[in-house]
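Below, read A as the first sequence line, B as the second, and so on, with proteins coming before strands; counting in each chain starts at 1.
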There are 2 protein chains.
Amino acid sequence: MDIKKRSDCPISSSLDIWGDKWSLLIVRDLMFSKQCTYGDFLKSDEKIATNILAARLQMLEANGIITKQDHPESKAKVLYKLTPKGIDLLPIMIEINLWADKYFTLPTDRKEMLEEVKKDKDAFIREKITELLG
Amino acid sequence: MDIKKRSDCPISSSLDIWGDKWSLLIVRDLMFSKQCTYGDFLKSDEKIATNILAARLQMLEANGIITKQDHPESKAKVLYKLTPKGIDLLPIMIEINLWADKYFTLPTDRKEMLEEVKKDKDAFIREKITELLG
DNA sequence: TATTTGCACTTGCAAAACGCAAGCAAATTT
DNA sequence: AAATTTGCTTGCGTTTTGCAAGTGCAAATA
């Protein structure tokens with residue numbers, strides 16, 4: 001579970017943490033939903049395996065990207081949220097969306113969000129960060 | 001070698017192509033050097049294995065991120081370059097650098113580059129894209 | 001109170017990906 | 001002609017992934 005840094009390069013160090021096929025999808029879910037239970041992640045379209053999900057959640061928590069919280073209504077549930085460090089991944093997420101918008105066909109709801117982003121990227125980021133922190 | 005799209009989500013589709021520990025490091029090398037030979041990639045600090053490098057280069061070429069070219073001075077060498085689609089990954093790359101700058105200690109040369117980015121991000125991107133295209 | 005359901009994981013195992021070392025053919029250098 | 005460089009490929013052991021099933025605890029239901 002401990003990360004081995006391959007080099008001092010910031011790109012490399014970042015990928016050491018979340019450079020796999022699943023981590024950023026977990027972050028994505030938390031940016032759209034603000035908070036998710038274990039089961040919520042499993043409902044996503046990509047159908048992550050339960051053992052991989054558990055491993056990734058542990059990894060992301062160990063690296064300060066997400067935190068666990070007690071669910072206010074049930075002791076059986078756990079709430080996962082982004083930390084400020086995780087929330088700071090938003091600009092990366094947005095740029096990925098913009099890149100994909102140029103080279104793939106996006107679902108309509110995502111296209112609508114991107115229209116807002118294109119109008120005023122900085123404002124969109126500021127607002128979203130406030131929303132996620134609050 | 002063919003990619004299976006896990007969902008219609010743009011983040012997911014992007015990660016299907018370059019969402020692994022190595023692909024963006026290859027793109028990074030090409031953004032810093034504009035063009036690289038197979039051997040150049042092997043020289044990078046992260047020490048990618050030769051079979052993995054070959055597989056990734058093939059994958060990135062199949063997905064239109066990079067192209068092969070004859071080396072002007074030697075038939076034994078091959079030049080790899082970014083396509084426009086690959087060059088468009090620059091904003092993502094920059095945001096990763098900025099995120100890492102906040103949470104890691106960067107090497108000094110990278111810090112200098114980021115100073116320029118922080119002064120005027122859009123200008124930096126425009127200039128870099130022109131440089132890579134030309 | 002007993003039982004079933006829901007939720008958050010864990011475990012077992014086969015399949016795929018990775019990583020190291022060695023090998024190989026064509027081009028270049030000596 | 002021989003040795004070296006370059007861009008890969010191949011074998012093979014190790015690690016990671018993915019699927020299915022199982023476990024333990026909380027909560028709802030009977």
Looking at side-chain heavy atoms only, is the closest gap between Phe124(A) and Lys119(A) below 4.5 Å?
-> no

Are any of the side-chain heavy atoms of Trp18(A) and Ile96(B) separated by less than 4.5 Å?
-> yes

Excluding sequence neighbours, so at least two apart, what forms side-chain contact (heavy atoms from CB on, under 4.5 Å) with Glu131(B)?
-> Lys128(B)

Inspect the contact between Glu115(A) and Arg110(A) and indicate whether a charged nitrogen and a carboxylate oxygen are less than 4.0 angstrom apart.
-> no

Within residues 71-83 of chain A: residues closer than 4.0 Å to DNA chain C (heavy atoms) | Ala76(A), Lys77(A), Val78(A), Tyr80(A)

May I ask you to say what Lys68(A) touches in the nucleic acid, namely base, sugar-phosphate or nothing, with a heavy-atom cut-off under 4.0 Å?
-> sugar-phosphate

Whole Å only: how far is the CD1 atom of Ile3(A) from the P atom of dT16(D)?
-> 12 Å

Give me the first and last nucleotide of DNA chain C, going 5' to 3', that has any atom under 4.0 Å from a heavy atom of chain B.
-> dC18(C) to dT28(C)

Would you call Asp70(A)-Lys77(A) a salt bridge at under 4.0 Å N-O?
-> no

Calculate the interatomic distance between Arg56(B) atom CZ and dG7(D) atom C1'; express it in whole Å.
-> 18 Å

Is any side-chain heavy atom of Leu60(B) closer than 4.5 Å to a side-chain heavy atom of Ser23(B)?
-> yes

Here the distance between atom C1' of dG13(D) and atom CG of Asn51(B), to the nearest Å, is 13 Å

Does Glu46(B) pair with Lys5(A) as a salt bridge, N-O distance under 4.0 Å?
-> no

Could you give all pairs that pass the side chain to side chain donor-acceptor pair (under 3.5 Å) test and reach residues 33-44 of chain B, with sequence neighbours left out?
-> Asp29(B)-Ser44(B), Thr37(B)-Asp40(B), Asp40(B)-Lys43(B)

Is it true that Lys111(A) and Glu116(A) make a salt bridge, defined as a side-chain N closer than 4.0 Å to a carboxylate O?
-> no

What residues 14-38 of chain B contributes to the DNA chain D interface at heavy-atom separation below 4.0 Å is Thr37(B), Tyr38(B)

Lys43(B) NZ to dT6(D) P, in whole Å, measures 7 Å

Rounding to a whole Å, what distance do you find between Leu42(A):CG and dG18(D):C1'?
-> 13 Å

Any pair counted as salt bridge (Lys or Arg N to Asp or Glu O under 4.0 Å), so long as it reaches residues 13-26 of chain B, sequence neighbours left out = Arg6(B)-Asp16(B), Asp20(B)-Arg56(B)

Without swapping roles, check the side chain of Trp99(A) against the backbone of Lys85(B) for a donor-acceptor pair under 3.5 Å.
-> yes

